[in-house]
Visitor: 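I am attaching a structure below and will ask some questions about it afterwards.
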Amino acid sequence: MFSKILIANRGEIALRVLRACREMGIRTVAVHSTADADAMHVRLADEAVCIGPPAARESYLNVAAILSAATITGAEAIHPGYGFLSENADFAETVEAHGLAFIGPTAEHIRTMGDKITAKTTMEALGVPLVPGSDGELANIDEAREVAARVGYPVLIKAAAGGGGRGMKVAHSEGELAEAWSVARTEALAAFGNDAVYLEKYLDRPRHIELQILGDMYGNVVHFGERDCSLQRRHQKLLEEAGSPVLSVEERDAIGATATAALSKMGYRNAGTLEFLYQDGQFCFIEMNTRLQVEHPVTEMVSDVDLVREQIRIAAGEKLGYGQSDITFSGHAIECRINAEDPDTFIPCPGTVDVFHAPGGLGVRVDSALYSGYRVPPFYDSMIAKLIVHAPTRAAAIARMQRALDEIVVEGVKTVIPLHRRILADPEFQRGDYTIHWLENFTARNT
Ligand code: MV4
């Protein structure tokens, strides 16, 4: 096992990794920008190294500075958290070339999944169901026309290098296809420097359901069930649940068996998440994330497994030591992301948090690097806390979240807490009756 780990991240996820390290008796190295000198992760780590100015490009994305920090402190492994360098294959490769362990998948697997086309062709070959569409990259507009005619309109043109919905264009009919094709390619080239695109049948009312998996270095792969992440706005998730309100145990077992068999064949290791669109009882794989995700706590609450601890054990070469039948699920978990944003306009609201009071009690978890007097810097993501609840049933989890949202106090900056209260009180939400479009309609209705 490692004796010292460098955490190449900030905020709540740096703390999350630090906590796992503490419980494992592993020393921690925090890195930080000059804007984060007073951050909680810096205070709680055993050592801290300033790696640059506020701009992420010069600090949390500064590979040379991070590797220097690892070298001078004698760290043996690097945990990238999420965002920043977590899905950068070159970074993973460089870390390993310096004789350090990257706590994540191989650079090759990060690269394969970073390109949505190779991700899809890889998964298809391994028996994972996809959205009907083109067989890989579209060569030209004529091929787009042929595939669209075969799968039926509406269709989506998507960028191979895409993410966050950029470079994605819908065509409702053949008349709209040429425009969608050229706009998607132009956007993809501008945003990612790669104009490769593919085509899929457009699913009009899917849920976004993702499956958490872990693999070790010996081909053992297990899943930890699904998360329903349909409640998002402009590709920013706001509230996540485990399990999905609409999935049966049989459906979970079936997609889980397919996914774990596929990833075992691939030799996938460490944490990963398969993203599916789920509509009319069908799972369609769309993308894979090769990192620990923001919403991993809801999975931890229902499975009672520390996913970060498992990531570290796996990277150190330990075997999983358990199989799928050892993983059991209990109750229901919900996470509300607390962003320092105006709850109506979603404009970020950095500034000083004069008062922070965390809720507590049975089944309540707060993952946050906040403290009273903390200054939310304007340079990074606006998420300042994750409020997670766990209860025996979904109805009890909703009641518990409503209770926790009544207790929490964040003064000094605007937050999305009032929006969460409205969502939790909504009858459709309470019935679990929502798709990926629900939140955008809800916020339009309520402003
Ligand atoms: C889709 C889709 C409908 N049909 N693909 C959005 C970003 C990227 N991750 C995939 N996305 C979508 N792909 C087909 N064939 C609808 C979306 C989509 C979406 C997906 C997941 C969560 C939120 C979303 C919001 C809008 C569109």
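None of these values were measured; they are calculated from a predicted model. Whatever order the structure lists ligands and atoms in, that order sets their numbers, starting from 1. These values consider heavy atoms only, across backbone and side chains, with no hydrogens, waters or symmetry-generated copies.
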Visitor: What heavy-atom pair brings Gly272 and Gln212 nearest, and what distance separates the two atoms?
Guide: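 Heavy-atom minimum between the residues: O-NE2, 3.3 Å.
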
Visitor: By number and element, which atoms of ligand 1 are closer than 4.0 Å to a non-hydrogen atom of Glu200?
Guide: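 Heavy-atom distances to Glu200 below 4.0 Å select 5 (N), 14 (C), 15 (N).
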
Visitor: Before giving the answer on side chain to side chain contact (heavy atoms under 4.5 Å, CB included), spell out for Phe429 and Ile398 the whole-Å C-alpha distance, their side-chain angles and the decisive distance to 0.1 Å.
Guide: CA-CA 10 Å; Phe429 172 78; Ile398 290 172; 3.9 Å; yes

Visitor: Do Asp36 and Tyr60 have side-chain N/O donor and acceptor atoms under 3.5 Å apart?
Guide: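 Looking only at side-chain atoms, Tyr60 and Asp36 do form a donor-acceptor pair, the distance falling under 3.5 Å.
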
Visitor: Can you pull out the closest protein heavy atom to atom 27 (C) of ligand 1? Residue, atom name and distance to 0.1 Å, please.
Guide: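 Here the closest protein heavy atom is Ile436 CD1, 3.7 Å.
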
Visitor: Distance to 0.1 Å, residue and atom name: give those for the protein heavy atom nearest to atom 11 (N) of ligand 1.
Guide: Met168 SD, 3.7 Å

Visitor: Looking only at protein heavy atoms, which one is nearest to atom 14 (C) of ligand 1, and what is the separation?
Guide: Leu156 CD1, 3.4 Å

Visitor: Looking at His208, which atoms of ligand 1 are within less than 4.0 Å of one of its heavy atoms?
Guide: 21 (C), 22 (C)

Visitor: Below 3.5 angstrom, do we get any N/O pair linking Gln232 and ligand 1?
Guide: no

Visitor: Looking at ligand 1, does any of its N/O atoms fall within less than 3.5 Å of an N/O of Leu277?
Guide: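 Leu277 vs ligand 1: no N/O contact under 3.5 Å.
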
Visitor: Under a plain distance cut-off of 3.5 Å, with no hydrogens placed, do Tyr82 and Glu295 share a side-chain donor-acceptor pair?
Guide: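 On atom types as modelled, these side chains do not qualify, holding no pair under 3.5 Å.
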
Visitor: Checking a contact table here: which protein heavy atom is nearest atom 3 (C) of ligand 1, and how many Å away?
Guide: Leu203 O, 3.3 Å

Visitor: Using distance only, find each side-chain donor-acceptor pair of residues 106-113 under 3.5 Å and give its atom names and separation, not counting sequence neighbours.
Guide:
unit_1: Thr106; atom_1: OG1; unit_2: His109; atom_2: N; d: 3.1
unit_1: Thr106; atom_1: OG1; unit_2: His109; atom_2: ND1; d: 3.3
unit_1: His109; atom_1: NE2; unit_2: Met266; atom_2: O; d: 3.3
unit_1: Arg111; atom_1: NH1; unit_2: Glu93; atom_2: OE2; d: 3.2
unit_1: Arg111; atom_1: NH2; unit_2: Asp90; atom_2: OD1; d: 2.9
unit_1: Arg111; atom_1: NH2; unit_2: Glu93; atom_2: OE1; d: 3.4
unit_1: Thr112; atom_1: OG1; unit_2: Glu108; atom_2: O; d: 2.9

Visitor: Using a 4.0 Å heavy-atom cut-off, which part of Val131 comes near ligand 1: side chain, backbone, both, or neither?
Guide: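 Side chain only; the backbone of Val131 stays clear of ligand 1.
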
Visitor: Would Asp216 and Arg269 satisfy salt bridge (charged side-chain N to carboxylate O under 4.0 Å, His left out), going step by step from the backbone distance to the final call?
Guide: CA-CA 5 Å; Asp216 67 14; Arg269 66 170 205 224; over 6 Å; no

Visitor: Can I get a per-line list of side-chain donor-acceptor pairs under 3.5 Å for residues 406-414, giving both atom names and the distance, sequence neighbours left out?
Guide:
unit_1: Glu407; atom_1: OE1; unit_2: Gly360; atom_2: N; d: 3.2
unit_1: Glu407; atom_1: OE2; unit_2: Arg403; atom_2: NH1; d: 2.8
unit_1: Lys414; atom_1: NZ; unit_2: Asp342; atom_2: OD2; d: 3.0

Visitor: Hey, does His235 come in under 3.5 Å of ligand 1, counting only N/O atoms on both sides?
Guide: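 No - when backbone and side-chain N and O of His235 are compared with those of ligand 1, no distance drops under 3.5 Å.
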
Visitor: How many angstroms lie between atom CZ of Arg205 and atom CD of Gln279, to the nearest 0.5 angstrom?
Guide: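 One finds 4.5 Å between CZ of Arg205 and CD of Gln279.
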
Visitor: Polar contacts were defined as any N/O atom of the residue lying under 3.5 Å from an N/O atom of the ligand; does this apply to Lys201 and ligand 1?
Guide: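 Among all N and O atoms of Lys201, at least one is under 3.5 Å from an N or O of ligand 1.
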
Visitor: Check each atom of ligand 1 against the heavy atoms of Glu287 and keep those under 4.0 Å away; list them by number with element.
Guide: 8 (C), 9 (N), 10 (C)

Visitor: Would you say Lys158 touches ligand 1, if touching means a heavy atom closer than 4.0 Å?
Guide: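 Heavy atoms of Lys158 do come under 4.0 Å of ligand 1.
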
Visitor: Do any nitrogen or oxygen atoms of Tyr202 come within less than 3.5 Å of a nitrogen or oxygen of ligand 1?
Guide: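 Min N/O separation from ligand 1 is not below 3.5 Å for Tyr202.
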
Visitor: Any non-hydrogen side-chain atom of Met288 less than 4.5 Å from a side-chain atom of Thr273?
Guide: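 They are not in side-chain contact.
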
